[in-house]
Protein chains: 2
Amino acid sequence: MNTDQPIFRALADPTRRDILLMLRDTDMTITQVASNFDMTRAAVKKHLTVLSDGGLITVRANGREKYNALNPNAFTPIRDWLSFFDAFWDDRLSTLKTLIEKDST
Amino acid sequence: MNTDQPIFRALADPTRRDILLMLRDTDMTITQVASNFDMTRAAVKKHLTVLSDGGLITVRANGREKYNALNPNAFTPIRDWLSFFDAFWDDRLSTLKTLIEKDST
DNA sequence: CTCACGTGATACTGATTGGTATCACTTTAT
DNA sequence: ATAAAGTGATACCAATCAGTATCACGTGAG
C-alpha cells in the first residue's frame, strides 16, 4: 500500500517514538510533552502533527488545552504489512520441508 | 532502544519496502533489483546498503555477482517494539474493566 | 475588560537524504 | 590478454526535514 507511507514516516524518528511511549502511560498536552524534551514546543508540535498524520495519535480539545492520545488502532497497518512476510516464511519453510521429505524417501 | 533506529529508518522509504517485497519471492542481485525501478543502479545500491544496515537483508557473494536476500529475523525488533504497546492496551482495558465493575456494585 | 496561558502557523537555517554522474576494481568470457 | 559484465565508491545536486524564532489567535482567570 502507498497509504502506509505516513505511518512509516511517523515511526522513523526516535523523538516521535519516544513521544508514543510517553502517551502510552497518559494523555498529554503539547506543553506537557515538550517539557520532557530539550527542544522547543514548536518542534514538538511538528512531531505531533506528523504522528497525527500517520494516524498514530488523536487530539482532543479541552478548553484552551489540547490532549494528545495514543490511537488504539494505530499499529494495525504496520502489523498487516509485517504479516505480508509471514506468509513468505511459511512458504519457504514448507518448501524446505518438502525438499527434506523428498530427500528422506 | 536506540538501536532500533537503523531498521525504522530502513523501512521509512517506499522504494526500500518495495525491494523487501521483491526479495520476498527470490534472492536478487543489485542489477536485477535495479531493473525493476526507474532509477540508477547506484541509487538502488544505496537503498540496499540502508536495508543491510538495518539488518533487513543479507548479502552473499557469488563470483562477480552479489545476491541480496531477506533476513529471516529481520522484523523481530519491530515486533518487539510494537509489543511494548500491547501491554499498555491490556492495562487500559483492565483499568476500564475495573471501573465498570466498581460502578456496577 | 484585560492580560497571561496554551496553542497554531509561518519563514528561515543547517543537516540529512534520494538520486545522478563518473571512475576504479574484480571476475568471467572470448 | 583483452574486453565486457557486475559491482563499489566518491563527489555533487536538489529536495526534504528537524529545529528555532517569531507573530497571531483563542481561552480562561482576575
Side-chain angles (χ1 to χ4, degrees), chain A residues 1-23 26-71 81, chain B residues 1-23 26-71 78:
Chain A
M1 288 291 187
N2 210 353
T3 60
D4 287 340
Q5 184 53 21
I7 186 174
F8 276 106
R9 160 164 152 60
L11 291 180
D13 187 279
T15 300
R16 288 195 284 267
R17 293 199 300 277
D18 285 345
I19 291 177
L20 290 178
L21 287 174
M22 289 180 187
L23 295 180
T26 173
D27 301 349
M28 300 173 82
T29 66
I30 295 185
T31 309
Q32 285 175 334
V33 174
S35 69
N36 289 284
F37 291 96
D38 188 21
M39 115 185 37
T40 321
R41 177 185 57 79
V44 170
K45 161 65 178 169
K46 280 192 179 182
H47 284 304
L48 290 174
T49 300
V50 175
L51 286 171
S52 177
D53 289 347
L56 289 161
I57 65 172
T58 55
V59 188
R60 156 178 43 96
N62 185 331
R64 63 182 170 187
E65 296 177 333
K66 292 217 171 181
Y67 279 90
N68 303 87
L70 216 48
N71 175 15
W81 189 84
Chain B
M1 288 291 186
N2 212 352
T3 60
D4 287 340
Q5 185 53 20
I7 185 174
F8 276 106
R9 159 163 152 62
L11 290 180
D13 187 278
T15 300
R16 287 195 284 268
R17 292 200 300 277
D18 285 345
I19 291 176
L20 290 178
L21 287 174
M22 288 180 187
L23 295 180
T26 173
D27 301 349
M28 300 173 81
T29 66
I30 296 185
T31 309
Q32 286 174 333
V33 174
S35 69
N36 289 284
F37 292 96
D38 186 21
M39 113 184 39
T40 321
R41 175 185 59 78
V44 171
K45 162 66 177 166
K46 280 193 178 182
H47 284 304
L48 290 173
T49 301
V50 175
L51 287 171
S52 177
D53 289 346
L56 289 161
I57 65 173
T58 56
V59 186
R60 156 179 42 97
N62 185 331
R64 66 181 167 187
E65 296 176 330
K66 292 216 172 181
Y67 280 90
N68 302 87
L70 216 48
N71 176 13
I78 299 283

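Note on naming: letters A, B, ... go to the chains in the order of the sequence lines (proteins, then strands), and numbering restarts at 1 for each one.
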Checklist entry - Which nucleotide, D:dA4, C:dG6, C:dT20, lies nearest any side-chain atom of B:Ala43? => result C:dT20

Checklist entry - Any side-chain N or O of B:Lys66 under 4.0 Å from OP1/OP2 of D:dG8? => result yes

Checklist entry - Does the side chain of B:Thr29 get closer than 4.0 angstrom to OP1 or OP2 of D:dT7 through an N or O atom? => result yes

Item to check | A:Leu11 backbone acceptor or donor facing A:Arg17 side chain under 3.5 Å | outcome: yes

Checklist entry - A:Leu48 has an atom CG; how far is it from atom C1' of D:dA18, in whole Å? => result 14 Å

Checklist entry - Within this structure, what is the CD1-to-C1' distance between A:Ile30 and D:dG26, rounded to whole angstrom? => result 14 Å

Next on the checklist: Taking only side-chain N and O atoms of A:Thr40, does any of them lie within less than 4.0 angstrom of OP1 or OP2 on D:dT20?
Outcome noted: yes

Checklist entry - For C:dG6, does OP1 or OP2 lie under 4.0 Å from any side-chain N or O of A:Lys45? => result no

Checklist entry - Does B:Arg16 put a side-chain nitrogen or oxygen below 4.0 Å from OP1 or OP2 of C:dG18? => result yes

Next on the checklist: If you compare every side-chain N and O of A:Arg9 against the phosphate oxygens of D:dC17 (OP1, OP2), does one of them come in below 4.0 Å?
Outcome noted: yes

Next on the checklist: Can you measure B:Asn68 atom CG to D:dT7 atom P for me and round it to whole angstrom units?
Outcome noted: 8 Å

Checklist entry - Is there a donor-acceptor pair under 3.5 Å between the side chain of B:Arg41 and the backbone N or O of B:Ala34? => result no

Item to check | Nearest-nucleotide comparison on DNA chain C, the residue closer to the 5′ end among B:Arg41 and B:Val50 | outcome: B:Val50

Checklist entry - Between A:Arg64 (CZ) and D:dA24 (C1'), how many Å, whole number? => result 17 Å

Checklist outcome for this item: Between A:Ile57 and A:Leu48, the two heavy atoms sitting closest are CD1-O, 3.5 Å

Checklist entry - Expressed in angstrom and rounded to an integer, what is the separation of B:Phe8 atom CZ from D:dA18 atom P? => result 15 Å

Checklist entry - Just to confirm, is there a sub-4.0 Å distance from OP1 or OP2 of C:dT17 to any side-chain nitrogen or oxygen of B:His47? => result no

Next on the checklist: What is the distance, to the nearest angstrom, from the CZ atom on B:Phe37 to the C1' atom on C:dG19?
Outcome noted: 14 Å

Checklist outcome for this item: To the nearest 0.5 Å, atom CD1 of B:Ile19 lies from atom NE2 of B:His47 at 6.0 Å

Checklist entry - C:dT7 C1' sits how many Å from A:Asn62 CG, rounded? => result 14 Å

Checklist entry - C:dC25 P sits how many Å from B:Glu65 CD, rounded? => result 22 Å

Checklist entry - Looking at A:Arg60 and A:Asp27, does any basic side-chain N land under 4.0 Å from a carboxylate oxygen? => result yes

